[in-house]
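All values below come from the heavy atoms of this structure, side chains included, with hydrogens, waters and symmetry mates left out.
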Amino acid sequence: MNEVCFYDARVIDGTSTSIVLDNGNIEEISVNYSRGCGVRALCGGSWGFTTAEGNFDIKDAISSASELAQQMNNISPKDKVELKPTEEPVVKDLPVATIDPKDIPIEEKVQLLKDIDSHAKIDGISSTSAVYSEASVKVQYINSEGIDCEYDLIRTGFAISAVASEGGAYQVGRESRFGVSGYELFEKNDVFALAESAGRTAVELLGAKQAKGGTLPVILDPELAGVFAHEAVGHASEADLVLEGSSILEGRIGEQIASPLINIIDDPTIHEYGYYPFDSEGVTSSKTTIIKDGTLNSYIHSRETAAALGGEPGNCRAQGYSEPIVRMSNTYIDNGDSNFDEMLEDVKDGMYLTGSRGGQVNTGEGIFQFNAEKGYLIENGEVTTLIRDVSLSGKTLEILNNVTMVGNDLKMHSGRCGKGGQLAPVSDGSPHISISKALVGGA
């Protein structure tokens with residue numbers, strides 16, 4: 001019988017507060033306290049995984065995971081899993097919350113959210129919804145190699161959406177801000193102006209023209225280009241998907257796959273929403289250049305995939321006590337040297353797509369479809385008519401190669417990424433980018 005050769009455990013103490021308003025009325029106020037752990041053990045090529053909550057004995061949890069790993073290895077032996085070596089992380093430069101949300105009375109938080117909500121209710125808005133969220137977490141990581149480390153982190157933010165409707169048609173405007181910060185997030189951002197912007201967007205879209213499909217030059221704003229970087233490129237660079245044969249980027253390291261203007265980076269060290277000082281395997285966070293000057297430079301890795309494919313680990317993450325999997329952090333297209341006016345002049349006639357309303361990607365086939373929040377016609381080098389219900393679709397590698405200009409105005413946006421049934425806080429971003437040819441259609 002093979003013995004367990006490795007185990008690790010994450011012990012997480014967390015407090016979260018959520019406030020939800022529906023059309024200005026309190027729908028939910030919840031405060032949750034939790035303590036639990038997620039434990040992995042490796043026997044040969046088999047992982048055993050257990051979780052425990054409340055009052056638990058970490059030794060018992062490790063024993064349970066070890067027994068599971070041994071049983072699985074005995075029943076269905078697999079090739080031995082190797083793990084890329086790592087060292088004890090040095091935890092430094094943690095984001096500092098200058099205003100701890102726990103020091104703010106719940107009544108004050110509710111009133112702030114109501115005020116935000118009321119600013120979204122401009123003329124023409126029929127309904128609104130608003131969410132406040134805060135979470136403080138202490139994460140301790142230990143493993144059988146002697147690593148023992150921990151950190152504390154606070155995440156705070158809000159989201160507002162406004163609906164305009166008429167004659168059975170409706171349009172939605174959305175704004176949100178989330179960060180690795182405290183309550184000062186509401187001082188650093190003009191949250192009332194953001195709420196008014198959500199309302200205006202919904203009203204303007206209701207009166208906008210429907211999009212006409214076609215293949216044409218487009219300019220993507222930083223939000224939509226960031227979504228493209230995350231969804232179409234970032235997920236395809238996750239090494240677990242590469243090993244499963246579910247990535248268009250499989251076997252392409254060192255290959256020119258994009259315009260030389262394109263550099264795409266994943267960086268958990270910057271203080272954006274996807275920040276972490278070390279990942280769920282205790283690996284110090286570090287910057288990974290996925291695409292460098294158009295050439296595929298690296299996948300993003302766990303210790304297991306780094307050992308299997310070659311590369312550096314540090315992108316293995318988990319939601320709470322869940323089992324860690326390969327995930328992105330803060331993923332972005334790096335700045336170029338063009339500006340927006342130069343792009344408009346170069347495009348002449350095409351479409352300017354802004355914001356995101358979600359979409360879907362098939363990393364194995366390398367195809368995607370994203371819905372923009374707004375579209376604008378570009379006519380004779382100027383932004384003119386507003387267009388609604390517009391989407392961008394195509395093949396990831398074709399779009400990457402069709403990039404003709406990269407702006408110098410990188411902006412990041414925060415959100416949550418779903419994978420394997422788990423949600424992880426992430427951010428993505430980009431400067432404006434210009435694409436010579438893309439398929440645009442009605443959403």
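- Proximity of a side-chain donor or acceptor of Ser391 to a complementary backbone N or O of Asn371 within less than 3.5 Å is not detected.
- The backbone N or O of Ile291 sits nowhere less than 3.5 Å from a side-chain atom of Thr289 that would complete a donor-acceptor pair.
- Here the side chains of Val326 and Glu304 are not in contact, with every heavy-atom distance at 4.5 Å or above.
- Ionic pairing of Lys437 and Glu398 is not present here: no N-O contact between side-chain nitrogen and carboxylate oxygen is shorter than 4.0 angstrom.
- With a 4.5 Å cut-off on side-chain heavy atoms, Leu344 and Ile378 count as touching.
- In this structure, the side chain of Asn189 does not engage the main chain of Val191 through any donor-acceptor pair within 3.5 Å.
- Asp279 has no carboxylate O lying under 4.0 Å from a charged side-chain N of Arg317, or vice versa, which leaves the two without a salt bridge.
- A distance of 10.0 Å separates CD in Glu238 from OG1 in Thr305, rounded to the nearest 0.5 Å.
- In this structure, the side chain of Gln422 engages the main chain of Glu323 through a donor-acceptor pair within 3.5 Å.
- In this structure, the ring of Tyr151 has its center no less than 6.0 angstrom from the ring center of Tyr275.
- Electrostatic pairing of Lys138 and Glu150 counts as a salt bridge here, judged by a charged N lying under 4.0 Å from a carboxylate O.
- Interatomic distance, CG of Leu423 versus SG of Cys417, reported as 8.0 Å (0.5 Å rounding).
- With contacts defined as side-chain heavy-atom distances shorter than 4.5 Å, the pair Val390/Lys374 does not qualify.
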Run the numbers on Leu94 and Asp152 for side chain to side chain contact (heavy atoms under 4.5 Å, CB included), then give the verdict. CA-CA 8 Å; Leu94 284 168; Asp152 294 87; 5.9 Å; no
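- Distance alone, capped at 3.5 Å, places no donor-acceptor pair between the Lys287 side chain and the Ile265 backbone.
- Ring orientation note: the planes of Phe186 and Phe158 are tilted relative to one another, at an angle of 30° to 60°.
- For the pair Val347/Ser434, a side-chain contact is recorded, criterion being any heavy-atom separation below 4.5 Å from C-beta on.
- No salt bridge links Asp57 with Lys59; every basic N to acidic carboxylate O contact stays at or beyond 4.0 Å.
- No donor-acceptor pair under 3.5 Å is formed between the side chain of Thr201 and the backbone N or O of Gly173.
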Output, in order, the C-alpha distance, side-chain angles, deciding distance and verdict of side chain to side chain donor-acceptor pair (under 3.5 Å) for Ser427 and Asn330. CA-CA 5 Å; Ser427 71; Asn330 304 306; 2.6 Å; yes
Test log, rule side chain to side chain donor-acceptor pair (under 3.5 Å), inputs Asp266 and Thr331: CA-CA 4 Å; Asp266 185 273; Thr331 311; 2.7 Å; yes
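- Summarising the local packing, NZ of Lys292 is surrounded by 12 or fewer heavy atoms from other residues, nucleotides or ligands at distances under 6.0 Å.
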Please step through side chain to side chain contact (heavy atoms under 4.5 Å, CB included) for the pair Glu28 and Val131, ending with a clear verdict. CA-CA 9 Å; Glu28 172 191 319; Val131 176; over 6 Å; no
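- Ring orientation note: the planes of Phe370 and Phe228 are nearly perpendicular, at an angle over 60° on the 30°/60° scale.
- Here the side chains of Pro431 and Ile333 are in contact, with some heavy-atom distance below 4.5 Å.
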Evaluate the criterion side chain to side chain donor-acceptor pair (under 3.5 Å) for residue pair Thr50 and Ser64; output intermediate values, then yes/no. CA-CA 7 Å; Thr50 61; Ser64 295; 5.4 Å; no
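- The OG atom of Ser165 sits 7.0 Å away from the CG atom of Leu206 when rounded to the nearest 0.5 Å.
- Listed for the Lys411 side chain is no donor-acceptor partner under 3.5 Å among the backbone atoms of Gly226.
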Pair Tyr141, Asp8 - check side chain to side chain donor-acceptor pair (under 3.5 Å), show working. CA-CA 7 Å; Tyr141 176 87; Asp8 65 2; 2.9 Å; yes
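- Tyr299 places a side-chain N or O within donor-acceptor distance of the main-chain N or O of Leu249, the cut-off being under 3.5 Å.
- Each of Arg155, Lys102, Lys109 was checked for a side chain to side chain donor-acceptor pair (under 3.5 Å) with Glu134, and the lone residue meeting it is Lys109.
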Given side chain to side chain contact (heavy atoms under 4.5 Å, CB included), test Thr86 with Phe278 step by step and report yes or no. CA-CA 11 Å; Thr86 190; Phe278 58 81; over 6 Å; no
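- With respect to Asp240 and Lys419, a salt bridge is recorded, a charged nitrogen being found less than 4.0 Å from a carboxylate O.
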Any chance you could lay out the side chain to side chain contact (heavy atoms under 4.5 Å, CB included) test for Val20 and Ser129, step after step, and finish with the verdict? CA-CA 7 Å; Val20 180; Ser129 63; over 6 Å; no
